[in-house]
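First the proteins, then the strands, lettered A, B, ... as listed; each starts at 1.
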2 protein chains.
Amino acid sequence: MSDRTESRGRIIASARRLFYEAGYENTSYADLAAAAGVPKGNFYYHFKSKDELLGAVLEARHADVAAALDTWAAQARTPQEGLRRFVRMVMSEEEALVAYGCPVGSLLTELGKHRDDLREAARAVMDLYVEWLTARFTELGHPARHAEVLAKRLLARAQGAIVMAHAYGDQALLRRELKDIEAWLSEQAPT
Amino acid sequence: MSDRTESRGRIIASARRLFYEAGYENTSYADLAAAAGVPKGNFYYHFKSKDELLGAVLEARHADVAAALDTWAAQARTPQEGLRRFVRMVMSEEEALVAYGCPVGSLLTELGKHRDDLREAARAVMDLYVEWLTARFTELGHPARHAEVLAKRLLARAQGAIVMAHAYGDQALLRRELKDIEAWLSEQAPT
DNA sequence: GTCTATATTATGATAGAC
DNA sequence: GTCTATCATAATATAGAC
């Protein structure tokens with residue numbers, strides 16, 4: 001919980017960035033050591049393995065996302081506002097998303113091919129969004145079952161837009177699709 | 001062009017399957033040798049490097065997709081039928097897509113983080129779909145610019161559905177989203 | 001807790017016999 | 001064209017000094 005240790009936090013922060021920007025498999029301890037300014041050997045004091053490091057990275061992201069969603073929930077005065085807030089968050093990350101893809105989605109794609117345990121941890125982050133969005137759709141009056149369908153549909157549309165924008169390096173594509181998603185949201189969430 | 005060589009074809013076929021199922025970086029020559037029944041050393045007679053092998057794999061997929069699209073174009077009597085055919089093709093691959101993701105999309109996600117040249121080859125496969133679908137939307141009367149937007153939107157929605165279905169191992173999710181995409185298509189393509 | 005070795009293994013790639 | 005043996009390297013991981 002508490003990060004009394006100096007380097008542990010720096011390692012996690014660097015790993016979080018590099019795993020995202022370069023991919024998990026493609027990031028070596030040498031890369032991490034250079035980025036974090038911590039020698040390779042030190043890594044194994046804090047984490048038994050590279051997998052465990054990814055676990056810690058996912059834990060940190062999980063905590064951040066959970067905190068962000070709490071803030072949104074407190075700020076948004078209507079469910080419509082909350083849903084809109086989600087799309088705006090994606091928009092605000094456009095540049096990174098076009099350059100590197102979705103940090104959760106691309107990791108899920110990479111891990112999906114193997115490593116079932118880590119995949120579960122990554123999915124837990126996605127689940128935070130699913131549950132939060134489901135709650136907003138429920139507040140709008142949608143039955144629980146359908147609210148979850150809509151939440152996953154919203155996430156699927158965002159994921160797809162990011163995949164295509166990333167593939168083509170096309171920021172305009174991402175913005176355009178997000179606008180279309182907002183329009184679709186308005187239909188599901190009459191004011 | 002001609003595959004007079006016995007093993008070259010087997011290598012490409014195995015690589016195509018393993019790169020898809022396990023990911024490119026995560027597939028080693030040892031894995032490929034075991035799958036293809038060809039010793040490691042032989043690989044370098046046919047391909048100078050692993051990257052070149054992936055290039056050949058992408059070339060093979062490119063040819064297959066191009067051939068499939070030609071067939072569809074010949075069979076579909078209306079643009080509506082062509083667009084519907086695309087969605088049905090995705091449906092027919094549901095099991096593999098849930099298990100391993102989209103062969104083009106997940107590769108683009110993996111390569112997007114590095115390796116610009118190979119990324120271009122993978123994007124060329126996606127472009128086949130973009131151009132073919134754009135032609136169908138154009139036939140429907142949409143202006144060229146908008147037709148391409150719709151084509152990429154259709155692909156984005158398919159990609160997003162696959163990412164989520166793959167992440168959750170949920171085939172029902174994929175089918176449900178594809179049905180919704182078909183409904184959306186009907187709106188864009190009035191009969 | 002931190003860092004410097006170093007071990008161990010697995011990888012992509014070669015050389016050369018057949 | 002095919003295969004065996006092997007190389008060089010880079011990766012994850014350890015041992016142990018400080």
Side-chain angles (χ1 to χ4, degrees), chain A residues 1-58 60 107 110-111 113-119 121, chain B residues 1-58 60 107 110-111 113-119 121:
Chain A
M1 200 68 70
S2 67
D3 48 358
R4 282 260 312 287
T5 58
E6 179 64 30
S7 47
R8 185 188 156 94
R10 279 223 306 278
I11 291 174
I12 292 182
S14 294
R16 186 167 168 175
R17 192 169 60 80
L18 284 180
F19 288 170
Y20 173 39
E21 293 181 0
Y24 174 64
E25 297 276 0
N26 203 52
T27 300
S28 71
Y29 276 106
D31 298 331
L32 289 167
V38 170
K40 287 167 46 173
N42 195 345
F43 284 60
Y44 290 90
Y45 172 73
H46 297 290
F47 312 98
K48 281 202 296 281
S49 69
K50 198 184 173 190
D51 282 11
E52 195 174 300
L53 172 54
L54 177 55
V57 165
L58 285 170
L107 191 60
E110 184 180 353
L111 296 177
K113 312 234 176 193
H114 34 171
R115 262 162 248 263
D116 286 7
D117 48 336
L118 288 172
R119 180 176 156 182
Chain B
M1 198 68 71
S2 66
D3 47 0
R4 283 262 312 288
T5 56
E6 179 63 33
S7 47
R8 186 188 155 93
R10 278 224 305 277
I11 290 173
I12 292 182
S14 294
R16 187 167 168 175
R17 191 169 61 79
L18 284 180
F19 287 170
Y20 173 39
E21 294 181 359
Y24 174 64
E25 298 276 359
N26 202 52
T27 300
S28 71
Y29 276 106
D31 299 331
L32 288 166
V38 169
K40 284 168 50 172
N42 196 346
F43 284 61
Y44 290 90
Y45 172 74
H46 297 289
F47 312 97
K48 281 203 295 281
S49 68
K50 197 184 173 189
D51 282 11
E52 195 175 299
L53 172 56
L54 177 56
V57 165
L58 286 170
L107 190 60
E110 182 179 354
L111 296 177
K113 311 232 173 191
H114 37 169
R115 262 162 249 261
D116 287 6
D117 48 334
L118 289 171
R119 180 175 154 182

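- Looking at residues two or more places apart in sequence or on another chain, you find a side-chain contact (heavy atoms from CB on, under 4.5 Å) between A35(A) and S14(A), R17(A), L18(A).
- As rounded to whole Å, 15 Å separates atom C1' of dC3(D) from atom CD of E6(B).
- Qualifying side chain to side chain donor-acceptor pair (under 3.5 Å) partners for N26(A), counting only residues two or more places apart in sequence or in other chains: H114(B).
- Contacts of D31(B) classified as side chain to side chain donor-acceptor pair (under 3.5 Å), with partners at least two apart in sequence or in another chain: S28(B).
- With sequence neighbours excluded, the residues forming a side-chain contact (heavy atoms from CB on, under 4.5 Å) with K40(A) are Y29(A), A33(A), listed by chain and number.
- Residues from residues 44-55 of chain B with heavy atoms under 4.0 angstrom of DNA chain C, sorted by number: Y44(B), S49(B), K50(B).
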Item to complete: Would you please test F19(B) and L32(B) for side chain to side chain contact (heavy atoms under 4.5 Å, CB included) and show each step?
Response: CA-CA 9 Å; F19(B) 287 170; L32(B) 288 166; 4.3 Å; yes
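- Not counting sequence neighbours, S49(B) has no partner by the side chain to side chain donor-acceptor pair (under 3.5 Å) test.
- No side-chain heavy atom of F43(B) sits under 4.5 Å from any side-chain heavy atom of K50(B).
- Using a 4.0 Å cutoff on non-hydrogen atoms, the parts of residues 35-43 of chain A near DNA chain D are K40(A), G41(A), ordered by number.
- Applying the side-chain contact (heavy atoms from CB on, under 4.5 Å) test to A34(B) and every residue at least two apart in sequence or in another chain returns nothing.
- The salt bridge (Lys or Arg N to Asp or Glu O under 4.0 Å) check on R16(A) picks up D64(A), with sequence neighbours excluded.
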Worksheet item: Stepwise, does the salt bridge (Lys or Arg N to Asp or Glu O under 4.0 Å) test hold for E25(B) with R115(B)?
Response: CA-CA 11 Å; E25(B) 298 276 359; R115(B) 262 162 249 261; 3.1 Å; yes
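- A heavy atom lying under 4.0 Å from DNA chain D marks none of the residues of residues 11-27 of chain B.
- Neither OP1 nor OP2 of dA10(D) sits under 4.0 Å from any side-chain N or O of S28(A).
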